[in-house]
A.B. asks: 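Please find one structure pasted underneath; my questions will follow.
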Amino acid sequence: MKRFLTAFIALVTLAWAWQLLSTTGSGATAPGNAWAVREHALTLTGLWSFALMSLAMVLATRPAWLERPFGGMDRIYRVHKWAGILAIGFAALHWLVEMSDDLIKALWGREGRLPKDHGGGFLEAMRDVAEELGEFAIYALLAMLVLTLWKRFPFRIWRYIHKVMPVLYLALAFHAAFLAPLDYWTQPVGLLLGSLIAAGTLASVLVLAGRIGQGRRVGGVVESVRESGAGVTEVVCRLDEGWRGHRPGQFAFATFDRLEGAHPFTIAGADRGDRRVRFEIKALGDYTRGLARRLQPGRPVQVEGPYGCFDLPQSRGKRDQVWIAGGIGVTPFLAWLEALQATPEQAPDVDFYYSVREHETDPFVTRLEALCANLPAVRLHVISGARNERLTAATLRDRTRAGAAPEIWFCGPRGLATSLREGLRGLGMGSARFHQEAFEMR
């Protein structure tokens, strides 16, 4: 994610620098002038902000064709989230640069101030409107950022507020189109800016029209609902014709309540070709708590998917495989194990660690033990916090071949993943491949 965003920002900077060098070489600007520095900072921060916001809008459409390059829809959403955060940060910086004119006048005076590129009466009127729209959009985006980062803010309310984003983007697109310097449109930066405006505007229209994932939506009914354990609700849905099936480890967006909207849940079972999907839903928020009481068999459901690239790995023989699940993160592994039941000889040689609070009361331990009993190559290790057991990087080192860097597949709490990654680096095993399912809606 960091490398992609860094490369994206570098591309935008390169296009801006190309234009800057071409105009500087022609004597159009005086780069050492304080007013010129302000002007260049204004255009660069504006480009960074708008480019990242355009990227966030395109990724908000859930482009399934980008899953393989990105490594899954969960990573697409992470890039979407951080592109939005960075975009708002650069927008705030852009606004501060815009407000710096009084400071420059006080320190250096008006000498060297660059003339405005008016371009005629109509264009000047549009520039005034664009400036007002941009300032309003920046204030709204800053408020949206606060609500997004404030995890206690109710998701249901945040979801509806978040729907304003395409409207704010269209305001920023208008702002960028009319306030960009006129000489941009004859340079590579103009081609880049025009492409960003077109892509982001199209994405915004698709979002506003409710067409995200339309080709992957299938109706159905809730077939059964039960509490499979404390705080865990098992929901089985029978879907209509058109469901394309799923690979073990994938997830889907399920809508049980139109007002609540879609929520992502891992499909906790293998595809049997009968258009049934099973979700194991942990009570983690206002909506998922009490879900078992609200859902009844026969209730309509809409499922969008499948998505994700957390696929069942094949045995390669070069690296030791380690699977790690924490809490409800066990669901993709349940699907993997179910898929292997028909061909146990194809199961990779793996140590599977399942971290739980209490071994005896966990709703999935018995099922995992039964599934692994038919798969000799899969060695199940249940780590129980109630027994003062703890999964550490040293545990993984002791279970792998001497000097070998394991291939790790992880789905669970972010804190555990961070602890294991840092521990592996501390033990000189930083070359271990760490595949992590890390989906967050906000």
Side-chain angles (χ1 to χ4, degrees), residues 74 155 218-240 243 245-257 260-308 310 312 323 325-342 352 354-374 380 382 384 411-413 437 439 441:
D74 59 319
F155 176 82
V218 178
V221 296
V222 174
E223 196 169 71
S224 66
V225 181
R226 73 180 185 93
E227 289 194 61
S228 55
V232 179
T233 302
E234 180 186 89
V235 182
V236 178
C237 303
R238 176 68 182 268
L239 304 181
D240 299 336
W243 175 249
H246 68 278
R247 300 190 307 272
Q250 290 192 295
F251 68 90
F253 290 88
T255 303
F256 301 111
D257 182 341
E260 179 65 28
H263 286 258
F265 303 115
T266 299
I267 303 173
D271 188 351
R272 303 184 184 279
D274 57 2
R275 303 198 308 276
R276 284 185 173 86
V277 294
R278 184 175 75 247
F279 301 114
E280 298 286 353
I281 302 172
K282 180 75 172 178
L284 297 174
D286 295 337
Y287 174 69
T288 50
R289 278 193 288 268
L291 188 63
R293 296 192 303 271
R294 295 194 300 273
L295 283 184
Q296 298 294 329
R299 181 167 185 164
V301 63
Q302 186 179 81
V303 175
E304 177 196 328
Y307 295 106
F310 199 71
L312 174 63
W323 300 353
I328 200 62
V330 73
T331 48
F333 299 104
L334 287 172
W336 288 7
L337 295 172
E338 282 192 15
L340 289 169
Q341 295 303 299
F352 179 21
Y354 179 37
S355 182
V356 300
R357 291 183 179 178
E358 293 187 18
H359 183 289
E360 290 75 13
T361 60
D362 186 83
F364 302 112
V365 169
T366 301
R367 191 189 307 180
L368 289 174
E369 290 174 340
L371 291 169
C372 291
N374 193 40
L380 176 64
V382 180
S384 175
C411 189
E437 182 85 325
F439 199 95
M441 284 291 286

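Here the structure is a predicted model, which means the values were calculated and not measured. Sequence positions, counted from 1, serve as the residue numbers for this chain.
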A.B. asks: Before accepting this row, confirm whether a basic side-chain N of the pair D274/R272 lies closer than 4.0 Å to the acidic partner's carboxylate O.
C.D. replies: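 Looking at R272 together with D274, the answer is no, because their closest N to O distance does not fall below 4.0 Å.
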A.B. asks: Whether the side chain of D271 engages the backbone of H246 through a donor-acceptor N/O pair (distance < 3.5 Å, no angle test) should be reported.
C.D. replies: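 Here the side-chain-to-backbone pair exists.
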A.B. asks: When rounded to the nearest 0.5 angstrom, what distance separates OG1 in T331 from CD in E234?
C.D. replies: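 So the OG1 of T331 and the CD of E234 are separated by 12.0 Å.
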A.B. asks: Main chain of A283, side chain of R289: is a donor-acceptor contact present, judged purely on distance under 3.5 Å?
C.D. replies: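 The answer is no, because no donor-acceptor pair under 3.5 Å joins these two groups.
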A.B. asks: Which heavy atom of F333 sits nearest a heavy atom of C411, and at what distance?
C.D. replies: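 Looking at all heavy atoms of both residues, the closest pair is CE1-CB, 3.9 Å.
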A.B. asks: In Å, rounded to the nearest 0.5 Å, how long is the span from NE2 of H263 to CD1 of I281?
C.D. replies: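 Atom-to-atom, H263:NE2 and I281:CD1 are 9.5 Å apart.
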A.B. asks: Do other residues, nucleotides or ligands put more than 12 heavy atoms under 6.0 Å from R294 CZ?
C.D. replies: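 Yes.
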A.B. asks: Could you tell me the separation between the CZ atom of R357 and the CG atom of D362, rounded to the nearest 0.5 Å?
C.D. replies: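 Between R357 CZ and D362 CG, I get 10.5 Å after rounding to 0.5 Å.
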A.B. asks: What closest approach, in Å, do P332 and G249 show between heavy atoms, and which atom pair accounts for it?
C.D. replies: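 Taking P332 first and G249 second, the nearest heavy atoms are CB-CA, 3.9 Å.
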A.B. asks: Do V277 and W243 come within less than 4.5 Å of each other through their side chains, counting heavy atoms only?
C.D. replies: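 SC-SC contact between V277 and W243 confirmed.
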A.B. asks: Does E358 form a side chain to side chain contact (heavy atoms under 4.5 Å, CB included) with V365? I'd like the steps, not just the answer.
C.D. replies: CA-CA 10 Å; E358 293 187 18; V365 169; over 6 Å; no
A.B. asks: At their closest point, which heavy atom of A339 faces which heavy atom of P248, and how far apart are they?
C.D. replies: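 Minimum heavy-atom separation between A339 and P248: CB-CG, 3.5 Å.
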A.B. asks: If you take the centroid of each ring, where Trp contributes its six-membered ring, are Y307 and F253 closer together than 6.0 Å?
C.D. replies: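 For F253 and Y307, the ring centres are under 6.0 Å apart.
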A.B. asks: Measure up the F265 and F279 rings against each other and bin them: parallel (under 30°), tilted (30 to 60°), perpendicular (over 60°).
C.D. replies: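 Rings of F265 and F279: tilted, 30 to 60°.
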A.B. asks: Less than 4.0 angstrom from a charged side-chain N to a carboxylate O is my criterion; do E280 and R367 meet it?
C.D. replies: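 Judged by the 4.0 Å cut-off on N to carboxylate O distance, E280 and R367 do form a salt bridge.
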A.B. asks: Could you walk me through whether T233 and V225 satisfy the side chain to side chain contact (heavy atoms under 4.5 Å, CB included) test, starting with their C-alpha distance in whole Å, then the side-chain angles of each, then the deciding distance to 0.1 Å, before giving a yes or no?
C.D. replies: CA-CA 7 Å; T233 302; V225 181; 3.9 Å; yes
A.B. asks: If you take all heavy atoms of K282 and A230, which pair is closest and at what distance?
C.D. replies: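 Between these two residues, the closest heavy atoms are NZ-O, 4.0 Å.
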A.B. asks: What distance do L371 atom CG and E338 atom CD have between them, rounded to the nearest 0.5 Å?
C.D. replies: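 Interatomic distance, L371 CG to E338 CD, rounded to 0.5 Å: 6.0 Å.
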A.B. asks: Do you know which two heavy atoms are closest between V301 and V221, and how far apart they sit?
C.D. replies: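 Reported closest heavy-atom pair: CG1-N, 3.6 Å.
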A.B. asks: If you compare all heavy atoms of R247 against all heavy atoms of G308, which two are closest, and at what distance to 0.1 Å?
C.D. replies: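 Closest approach of R247 to G308: NH2-O, 3.0 Å.
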A.B. asks: Could you grab the distance from atom CG of L312 to atom CG of L340, nearest 0.5 Å is fine?
C.D. replies: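 Answer for the CG-CG pair, L312 versus L340, is 5.0 Å.
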A.B. asks: Start with the C-alpha gap between F352 and L368, add the side-chain angles, then the distance that decides, and say whether side chain to side chain contact (heavy atoms under 4.5 Å, CB included) holds.
C.D. replies: CA-CA 10 Å; F352 179 21; L368 289 174; 3.8 Å; yes
A.B. asks: Rounded to the nearest 0.5 Å, what's the gap from CG on L380 to CG on L337? Could you check?
C.D. replies: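 Taking CG in L380 and CG in L337, the distance rounds to 8.5 Å.
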A.B. asks: With side chain to side chain contact (heavy atoms under 4.5 Å, CB included) as the criterion, how do F256 and V235 come out once you've worked through the C-alpha distance, each side chain's angles and the decisive distance to 0.1 Å?
C.D. replies: CA-CA 11 Å; F256 301 111; V235 182; 4.0 Å; yes
